[in-house]
Amino acid sequence: MTAITRIAREEWRLWLRSKTVVAAALIVVALLTATSVLTVHRIASEQSQRLEQQVAAEQTFFAQPDRHPHRMVHYGHYAFRPPPPLAMFEPGVDAVTGQSIFLEGHRQNTAMFADTKAAADLGGFAALTPAGLYQLLLPLLLIVLGHALFLRERESGTLAVMLAQGQSGVKLALGKATALLVVIAIFMIPLIAVAAYSVSLGESALAAFSLVGGYFAYLCIWGAIVLTASVILKQRAVSLGVLIFIWLFAALIVPRFAINASSVAIDAPGKIESDLVMLAEQRKLGDGHNAADPAFQRLQDQVLKQYDVETIEELPINWRGVVASYSEAELTELLNDYTEKRMGLEASQSRMFEWFGLASPTISVSSLSRALAGTDLATHHRFLRESEVLRFDFVQSLNQAHAEKLDYTTDINRNNDAASAQRARINSASWQVLDEFRFAPDSASKRLGRTALSLGILIMWLLLACVIVLLTARRVRV
Amino acid sequence: MMLRNFAREIRFLSKDRGALFWLALSFILSVIAVSFGVTEVREQRETIANLIEEDAADRANALEGQEDWGSAAYYAFHFTYAPPSDFAFAAMGQRDSTPWKHRVRMLALEAQIHEADTRNADFGLVGRFDFAFLAASVVPLLLILLLYDLRASERSASRHDFLVATAGSSLSLWFPRALVRVAGLALLLLVPLWVASLIAGASGMVTLQATGIVVGALAVWWLIVELVSRIKASPSVLLTSLIGLWLALAIVVPALSKAVIETNNPIPDGGEILLLQRETVNDAWDLPKEATMKPFIETHPEWREYAEIEEGFEWKWYYAFQQVGDQKAAPLVEQYREARLRRDRQAGIAALLSPTSFVERAFEKLAGTDAVSMIAYEDEVRDFHAELRAFHYPLMFPEKDYDSGLLAELPLYKPES
């Protein structure tokens, strides 16, 4: 047995004898188990529920009777975002954003019914998730376990003996580090289990195990910080106090501070605000409901020329459908322009938040964890984009049906009497234009790519922390 | 005697670098928290002022050239909002995750009121560093760090018994020492809050209540620290136990209560409200007109004589089925609202078990950023929407001649608070 493993063993023996340490570890294990089981259940049921809702929404759409096609444009459709498998570890922003969205013509709606809106409000920490426990609680456990790792030898006078026997400070530190590493490894087991389970549910192994790696690095950073404190500081209570202050700073203060700072630094307008600016522009484009709008004069000339006819009545296609399709396309382009701008600003806010990882590894690991799990802001934005594509496609297909399958004269006379209204309908087979929508997270490599900044910062933290441990350990004197 | 004790303790404190550090830190954090809060409230006010203007311009534009009441109502959106209160700088509460602004029109309200124009989702997820968070979660830790080793450090310096013997009573020794620290902490936290309250124009009564909450919470945590530190143990064991208690009270109890409350009070799936409303409104197009007008007349008997729909399309029929859509969804909406309120009421009771949750909720209540306030805002939007209907129905149903001049009387949203 080498000196290092002997030192590590001795450390473990002492821990197992300490009531405080055992109690703290058991409490963390209990919390971790309870939270994991609850979250896995919740996410599993949400996942199947959303999938069912998506299928039901499609079937209701298909099952609609013969109708005027524009009625279906307003009847609309729903897009649901089922949580990805790793959400059972890291539910991320899903609770805040709402996971369903109503899609209809001429409008881009927001995702609605966020869980937080109806949640029991018990303050900032009440929404406990397995990821949250790893980010907040495990560093605290490492602090409780390790704040006196090195110090103890100093206090009991064994340090002098060991150094006199020719053991170097570095070797001693490596022994202590090994002991702490074993603790970290043991506490990784629940995460590894969840990761493996998520892989069995179809998650990519690359994403799942990068997540494991990220948290392992994060906990190692804390381990190194704890070890350093116990080497440098001469009193237990001081070491513990300083470490708790670092934790308080990194885990509680900096993340929220970073949110405030990025909100102040980058002003992202809300949807209503950017919509209002856009509406002024939209009015210049004309209203899709009113085919006589002067803004459509040019379109009319062009279409008449294309079909070589004099009046819109002579057109082989329904002029109202053409107008609807034209203005939907124009409007969507405009809407997307503004939406992209808004999302871009939000993304740069989150980017700035990520940079605060330089002051707190907790920020880096949480950004990394959301990105890898597919529950970050970028994934939400992608959901909004994809559901917008879905919306535009079905609305335009219906507009096309409006132009091609419904006669213009029948259409404008639809309000004359019940029989005319009956005639101004198209066959419900046309509703099959709706695409099947199954939202899935990005590919693992793409998600991993998104974590570059956080991962880089995390690795930098890890290297820095290890170097400092070694440097301080080399200088250990009695 | 007591005064001398305090003078002595203040002198001691001025030499205790550790304690001075914690005290200075709490002052800096408090300044940061309230400055961010004041800036955020100012920004939200500016946004609202801006939106009121833009909204009016947009509406004027939309109403121009309209030729009947129906289209005028169809194209005119109305901005509704809940302005941040004068004390909102201290607790942003639900304003980051629940919408506080809408633009509604006379169509079915249920399709509009659940729109969520909230900010960057990361904000709602991580939360802000506001005064409420500082006072509820961070300050207890600072207090623990400030007080845990008052006794233990003397004990480890082997002066404890000697000091107690000389001081005569344990009370006259430890009480002034701790009190000086707690009072210092309270003062350094509260001064920035008071200054910010003055700047933001918060009422003295609210500031006084907030002060009371902070002082009360400090007293509770002081008592906890005091009781724990009577245990004869080393400072590090004491600190570990205190941190454990903080964890239990700040994280475990709230999380547990939340889980229990939410399981016991299931909430109707919001999507169902929307679905029911949409089906009702869309089915109406294909149903005989009476199927819409009958339920409409039941709630609006005053329009009975104008409820005959003769044409294929009439605006009053259109708005009637919008109204009926809302009516159909009303029971579900009420269930949703009730469940939210019930959860919040129970959370209020559960918060008695956790000083952290209690302080946070109490601040949100004072700041008007709690769930009840957000629901009250939604109620105001509902009332306003009802006003819109009450304005248009008497014009639309008797089919009065369109007069754009009358639209100057359109109801304007005015927040109650």
Side-chain angles (χ1 to χ4, degrees), chain A residues 20 24 38 53 65 71 75-76 93 96-98 100 102 109-110 112-114 116-126 128 144 148 236-237 240-241 244-245 248 252-253 255-257 259-260 263-264 268 270-273 276 279-280 283 346 349-350 353 377 380 414-417 420-421, chain B residues 36 39 47 51 54-55 58 61 97-98 101 103 114-117 119-129 133 136-138 141 145 149 235-237 239-240 243 250-251 254-255 257-259 261-262 267 270-271 274 282 285 311-313 340 343-344 346-347 350-351 356-357 360-361 371:
Chain A
T20 334
L38 283 177
Q53 284 172 318
R71 291 267 329 287
Y75 181 74
V93 297
V96 187
T97 54
S100 59
F102 180 53
N109 294 318
T110 56
M112 288 194 258
F113 297 107
T116 43
K117 189 178 159 190
D121 175 20
L122 282 149
F125 300 117
L128 215 51
V144 169
R236 260 167 211 259
L240 187 56
I244 285 175
F245 167 67
L248 174 67
L252 301 191
I253 296 176
R256 285 175 178 250
F257 178 89
I259 288 294
N260 279 334
S263 141
V264 171
K271 186 173 185 306
I272 294 180
E273 207 174 346
L276 268 172
L279 278 166
R283 223 167 264 105
E346 283 188 1
Q349 284 177 332
S350 298
F353 175 71
L377 186 71
H380 177 60
R414 67 191 182 282
N415 288 332
N416 287 2
D417 50 50
S420 320
Chain B
F36 273 136
T39 320
T47 305
L51 286 175
E54 297 266 351
D55 171 70
D58 180 71
N61 204 338
S97 50
T98 312
K101 52 186 192 289
R103 279 192 97 207
H114 306 291
E115 283 287 305
D117 181 19
R119 304 194 65 184
N120 190 327
D122 280 348
F123 294 8
L125 179 70
V126 180
R128 279 172 195 276
F129 190 70
F133 174 74
S137 305
V138 178
L141 282 169
L145 289 167
D149 70 340
S236 61
V237 171
L239 185 51
T240 309
I243 297 295
I251 299 186
S257 325
K258 183 179 151 84
I261 291 172
E262 291 182 359
I267 205 150
L274 231 54
N282 277 284
W285 288 93
E311 314 249 336
F313 179 87
R340 279 171 78 190
R343 281 180 170 187
D344 191 60
Q346 298 191 359
T356 331
S357 303
E360 197 126 355
R361 288 181 56 90

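Reminder, nothing fancy here: chain letters follow the sequence lines and each chain counts from 1.
Of the residues considered (A/Ser263, A/Ser100, A/Ala114, A/Ala119), A/Ser263 shows the highest number of contacts with chain B, using heavy-atom pairs under 4.5 Å. Per-residue counts of heavy-atom pairs under 4.5 Å with chain A were compared for B/Ala347, B/Gly271, B/Ala350; the largest is that of B/Ala347. Interface check for chain A: of the options B/Gly127, B/Gly124, B/Gly312, the most heavy-atom pairs under 4.5 Å are formed by B/Gly127. If you tally non-hydrogen atom pairs under 4.5 Å between each of A/Val96, A/Leu122, A/Leu38 and chain B, the highest count goes to A/Leu122. Top candidate by heavy-atom pairs under 4.5 Å with chain A, chosen from B/Val126, B/Thr98, B/Thr39, is B/Val126. With chain A as partner, the option from B/Glu360, B/Arg103, B/Arg119 having the largest number of non-hydrogen pairs under 4.5 angstrom is B/Arg103. Of the residues considered (B/Ser97, B/Gly270, B/Ser137, B/Ala371), B/Gly270 shows the highest number of contacts with chain A, using heavy-atom pairs under 4.5 Å. Per-residue heavy-atom pair counts under 4.5 Å with chain B were compared for A/Thr116, A/Asn260, A/Leu377, and the maximum is reached by A/Asn260. Annotation: maximal heavy-atom pairing with chain B below 4.5 Å, among A/Ala126, A/Gly124, A/Gly123, occurs at A/Ala126. For the set A/Leu128, A/Leu240, A/Ile272, the count of heavy-atom pairs under 4.5 angstrom toward chain B peaks at A/Ile272. The most heavy-atom pairs under 4.5 Å with chain A, out of B/Leu239, B/Ile267, B/Thr356, come from B/Leu239.
Residues B/Asn120 and A/Ser350 are in side-chain contact: their nearest non-hydrogen atoms beyond the backbone lie under 4.5 Å apart. Within the 4.5 Å cutoff, the side chain of A/Leu248 has heavy atoms near those of the A/Ile253 side chain. B/Ile243 is listed as a side-chain neighbour of B/Leu141, based on a closest heavy-atom distance under 4.5 Å. Using a 4.5 Å heavy-atom cutoff, the side chains of B/Phe123 and A/Phe353 are not in contact. Side chains of A/Glu273 and B/Lys101 form no contact here, defined as non-hydrogen atoms less than 4.5 Å apart.
Distance OG1/A/Thr97 to CG/B/Asp122: 10.5 Å, rounded to 0.5 Å.
The nearest pair of heavy atoms linking B/Ile261 to A/Ala120 is CG2-CB, 3.9 Å.
With respect to the salt-bridge test (charged N to carboxylate O, under 4.0 angstrom), the residues B/Asp344 and B/Arg361 qualify.
Residue B/Phe36 touches chain A through its side chain alone, counting heavy-atom pairs closer than 4.5 Å. Within the 4.5 angstrom heavy-atom criterion, atoms from both the backbone and the side chain of B/Leu274 approach chain A. Both the backbone and the side chain of B/Ser257 come within contact range of chain A, with heavy atoms under 4.5 Å apart. Both the backbone and the side chain of A/Phe257 come within contact range of chain B, with heavy atoms under 4.5 Å apart. Using a 4.5 Å cut-off between heavy atoms, B/Leu145 contacts chain A through its side chain alone, with no backbone atom that close. With a 4.5 angstrom heavy-atom cutoff, A/Ala148 does not touch chain B via any of its atoms. If you measure heavy-atom distances from B/Glu262 to chain A, the contacts under 4.5 Å come from the side chain alone. With a 4.5 Å cut-off on non-hydrogen atoms, A/Val93 touches chain B through its backbone and its side chain both. Contacts of B/Ile251 with chain A are made by both backbone and side-chain atoms, with heavy-atom separations under 4.5 Å. The contact between B/Ala351 and chain A is made by backbone and side chain atoms together, counting heavy-atom distances below 4.5 Å. Using a 4.5 Å cut-off between heavy atoms, A/Thr20 touches chain B through its side chain atoms alone.
Not counting sequence neighbours, the partners of A/Thr110 by the side-chain contact (heavy atoms from CB on, under 4.5 Å) test are A/Met112, A/Lys271, B/Glu115, B/Ala116. Under the side-chain contact (heavy atoms from CB on, under 4.5 Å) criterion, A/Ala268 pairs with A/Leu345, A/Glu346, A/Gln349, sequence neighbours left out.
Of the possible donor and acceptor atoms, none in the side chain of A/Asn415 sits under 3.5 Å from a partner among the backbone N and O of A/Asp417.
For the pair B/Arg128 and B/Phe133, the cation-pi test (distance below 6.0 Å, angle within 45°) is failed.
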- Yes or no on side-chain contact (heavy atoms from CB on, under 4.5 Å) for B/Phe313 and B/Trp285, after CA distance, side-chain angles and deciding distance? CA-CA 9 Å; B/Phe313 179 87; B/Trp285 288 93; 3.9 Å; yes
